[in-house]
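Okay, structure first, notes after.
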Amino acid sequence: MSQDNQKPVRVGLLGIGTVGGGTFTVLKRNQEEIRRRAGRGISIDMVADLNVDRAKELVGDAAEVVSDARQVIANPNIDVVVELIGGYGIAKTLVLEAIAAGKHVVTANKALLAVHGTEIFAAAREKGVMVAFEAAVAGGIPIIKSLREGLTANQIQWVAGIINGTTNFILSEMRDKGLDFDVVLKEAQRLGYAEADPTFDIEGVDAAHKATLLSAIAYGIPVQFDKAYVEGITKLSAVDIKYAEQLGYRIKLLGIARRQEVNGKVLGIELRTHPTLVPQRRLIANVEGAMNAVMVQGDAVGTTMYYGKGAGSEPTASAVVADLVDIARLTDAPAASYVPPLAFQHDSMSTLPILPIEEVVTSFYVRLRVADQTGVLAKITGILAEQGISIDAVIQREADEVSGEGGNQTDLILLTHDTKEGSMNKAIAAMQALPTVLAPIVRLRKEELA
Ligand code: NDP
Ligand code: HSE
């Protein structure tokens with residue numbers, strides 16, 4: 001039976017910047033369509049933003065605009081608080097206060113949930129309210145709903161995604177247009193993709209926040225950002241991007257969550273974010289610009305992929321509004337009928353550990369700048385063999401191609417088969433100590449994603 005005759009859901013918006021502005025615009029433009037889907041109207045009645053004048057200009061008379069977010073939370077007529085301020089500071093306080101006041105919460109704040117999710121979800125459960133966060137991972141792509149509901153029949157083997165638009169934009173523009181890192185980063189900021197602190201993007205922290213949320217939903221483990229391995233793109237050099245291309249790979253910043261299983265025994269969960277070589281023939285290797293894509297492999301469904309805009313005003317607003325519609329449909333339902341925020345019932349969470357990076361199993365690209373002498377390769381392959389690391393391919397770049405001087409150096413590029421990161425660390429330390437290895441060794445992880 002339609003609930004169309006019910007009163008609208010009353011929303012208070014905290015922060016009307018890039019995503020908040022998009023949310024207001026999308027809800028206004030599509031209000032009739034959204035009402036027909038939700039079974040009731042969704043109305044933004046109050047907006048809080050530090051910049052009241054700018055907010056008023058956008059909102060007009062449609063909603064009351066205040067500078068103090070607590071006024072929104074204190075308003076008994078507000079059913080849902082949408083937090084679009086960002087960060088772990090005031091946003092955390094406001095979200096917890098909104099929950100304590102009995103409001104449902106929608107947020108796009110992956111940083112907040114990856115770090116403080118356990119506390120926030122527990123507070124919401126106790127109060128019988130929903131915390132919805134579709135926009136927190138991969139912007140407009142409904143990956144949380146897909147993983148939490150659409151793939152609920154599956155054991156998830158791995159999730160791997162390009163889940164930071166800013167870094168994908170930087171990598172694509174640098175490769176295609178030869179632009180400098182700093183120039184492209186500024187453009188990403190201008191387009192509203194980058195975080196308030198863009199080091200979160202370029203150092204991999206933002207992608208790791210999102211990977212943390214995906215790992216929790218895929219495996220029913222608590223959010224544990226503190227155990228995630230994080231490596232960004234700032235140390236990536238143009239020469240490795242070029243060599244990777246020549247070898248048939250593209251380098252992407254991937255957030256990965258993988259169940260590590262040996263002889264039928266699950267040892268734990270790998271949770272890592274790092275630049276990764278991906279075969280050029282994979283669809284995900286061809287995801288360019290600020291676009292995001294997430295691959296999920298489930299035991300029943302096989303490999304699936306979700307693609308779309310991972311950042312920006314209206315794409316992210318699309319996910320925020322979808323959460324509002326879900327809440328509008330459920331506000332009068334008993335709390336037991338809510339979909340659990342992390343997909344699994346809270347009393348059925350897994351205790352599987354997040355594995356330390358030394359335990360992660362993957363293949364590697366290793367580049368060594370070496371003296372162009374006989375016997376160097378034999379020493380290197382010997383060290384790898386000692387660690388039980390098997391080599392898939394070895395490529396040598398001519399000395400003059402490297403130094404431009406017809407000099408006495410050469411680049412050796414090794415591709416390995418799967419091995420433990422700990423073994424690779426030992427091999428790299430031993431190789432680095434060789435007098436014929438002339439520069440810091442570069443090591444990048446490689447995933448076939450098959
Ligand atoms: P913006 O900086 O564009 O917007 C944040 C807004 O909140 C600003 O208008 C800011 O005002 C306001 N604000 C700051 N502090 C307060 C406060 N105490 N009370 C009320 N308003 C406040 O950020 P975004 O819209 O880009 O991001 C919002 C959230 O969405 C973040 O968690 C972000 O990580 C997430 N997100 C962003 C995406 C994107 O593409 N931009 C995509 C997916 C998620 P002022 O400007 O005056 O400081
Ligand atoms: N800064 C983020 C990105 C915004 O570039 O992907 C979307 O979460």
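Just so it is clear, the model here is predicted, and its values are computed rather than measured. As the structure lists them, so they are numbered: ligands from 1, and atoms in each ligand from 1.
A salt bridge between E57 and R54 is absent, with no side-chain N of the basic residue lying under 4.0 Å from a carboxylate O of the acidic one. Salt bridge present: R35 and E32 bring a charged side-chain N and a carboxylate O closer than 4.0 Å. Classification of D182 and K186 as a salt-bridged pair fails, no side-chain N sitting under 4.0 Å from a carboxylate O. A salt bridge is defined here as a Lys NZ or Arg NE, NH1 or NH2 lying under 4.0 Å from an Asp or Glu carboxylate O, and R282 with E447 fails to meet this definition. Residues R259 and D299 are not paired through a salt bridge, judged by the lack of any N-O separation under 4.0 Å between the basic side chain and the carboxylate. Ionic pairing of R445 and E421 is present here: one or more N-O contacts between side-chain nitrogen and carboxylate oxygen are shorter than 4.0 angstrom. In summary, E97 and R70 engage in a salt bridge, as defined by a charged side-chain N under 4.0 Å from a carboxylate O. Taking the charged nitrogens against the carboxylate oxygens, K110 and E195 do have a contact shorter than 4.0 Å, which makes a salt bridge. One finds a salt bridge joining E33 and R37 here, because a Lys/Arg side-chain nitrogen approaches an Asp/Glu carboxylate oxygen to under 4.0 Å. Between R175 and E288 there is a salt bridge, since at least one side-chain N of the basic residue sits less than 4.0 Å from a carboxylate O of the acidic one.
Here the side chain of Y219 pairs a donor or acceptor atom with the backbone of Q157 at under 3.5 angstrom. Although no hydrogens or angles enter the test, the distance criterion places a donor-acceptor pair under 3.5 Å between the side chain of Q432 and the main chain of I441. For the pair Q260 (side chain) and E359 (backbone), a donor-acceptor distance under 3.5 Å is present. Although no hydrogens or angles enter the test, the distance criterion places a donor-acceptor pair under 3.5 Å between the side chain of D49 and the main chain of N51.
Those atoms of ligand 1 that come under 4.0 Å of a heavy atom in A135, given as number and element, are 43 (C), 44 (C). Remark: ligand 1 atoms within the under-4.0 Å shell around heavy atoms of A311 are 40 (O). Per-residue contacts place T166 under 4.0 angstrom from the following atoms of ligand 2 (heavy atoms of the residue considered): 1 (N), 3 (C), 5 (O). Those atoms of ligand 1 with a heavy atom of A48 less than 4.0 angstrom away are 20 (C), 21 (N). For ligand 2 and K110, the ligand atoms under 4.0 Å from any heavy atom of the residue are 4 (C), 7 (C), 8 (O). Remark: ligand 2 atoms within the under-4.0 Å shell around heavy atoms of Y193 are 1 (N), 2 (C), 3 (C), 4 (C), 5 (O). Near E195, with a cut-off below 4.0 Å to any heavy atom, the atoms of ligand 2 are 1 (N), 2 (C), 4 (C). Atoms of ligand 2 found under 4.0 Å from any heavy atom of A194 (numbered from 1 in listed order, with element): 1 (N). Numbered from 1 in the order shown, with element, the atoms of ligand 2 that lie under 4.0 Å from a heavy atom of D201 read 1 (N), 2 (C), 3 (C), 5 (O). Near A311, meaning under 4.0 Å from one of its heavy atoms, ligand 2 places the atoms 4 (C), 7 (C).
At a 4.0 Å heavy-atom cut-off, ligand 2 touches D206 through the side chain alone.
The nearest protein atom to atom 21 (N) of ligand 1, hydrogens excluded, is given as D49 CA, 3.4 Å; this is a heavy-atom distance. Among all protein heavy atoms, the one lying closest to atom 38 (C) of ligand 1 is V19 CG2, 3.6 Å. In terms of protein heavy-atom proximity, atom 31 (C) of ligand 1 is nearest to G86 CA, 3.6 Å. Closest to atom 34 (O) of ligand 1 among all protein heavy atoms lies E195 OE1, 2.7 Å. Of all protein heavy atoms, the one closest to atom 16 (C) of ligand 1 is L50 CG, 3.5 Å. When hydrogens are left out, the protein atom nearest atom 42 (C) of ligand 1 is T316 OG1, 3.3 Å; that is the closest non-hydrogen contact. Residue, atom and distance of the protein heavy atom nearest to atom 41 (N) of ligand 1 are G192 O, 3.1 Å. Nearest protein neighbour of atom 46 (O) of ligand 1, counting heavy atoms only, is R54 NH2, 3.3 Å.
Of the candidates E314, K110, E134, R70, the one placing a heavy atom closest to atom 44 (C) of ligand 1 is K110. For atom 5 (C) of ligand 1, the nearest non-hydrogen atom from the set L13, L84, D201, N51 belongs to L84. With L94, I85, V52 as candidates, the residue nearest to atom 19 (N) of ligand 1 on a non-hydrogen basis is I85.
Within a 6.0 Å radius of CG in L283, other residues, nucleotides and ligands contribute 12 heavy atoms or fewer.
Remark: atom 23 (O) of ligand 1 lies closer than 4.0 Å to no protein heavy atom. Within 4.0 Å of atom 2 (O) of ligand 1, not a single protein heavy atom is present.
Residue-ligand proximity: G139 is placed with every non-hydrogen atom at 4.0 Å or more from ligand 1. For G310, the closest heavy-atom approach to ligand 2 falls below 4.0 Å.
In this pair, F200 and Y88 present their aromatic rings tilted. The plane angle is within the 30 to 60° band.
Distances between N or O atoms of T18 and those of ligand 1 include at least one value under 3.5 Å. An N or O contact shorter than 3.5 Å links K210 to ligand 2 by distance. Close N/O approach between G165 and ligand 2 is found [any backbone or side-chain N/O within under 3.5 Å].
At a threshold of 4.5 Å between non-hydrogen side-chain atoms, the residues N425 and R443 count as touching.
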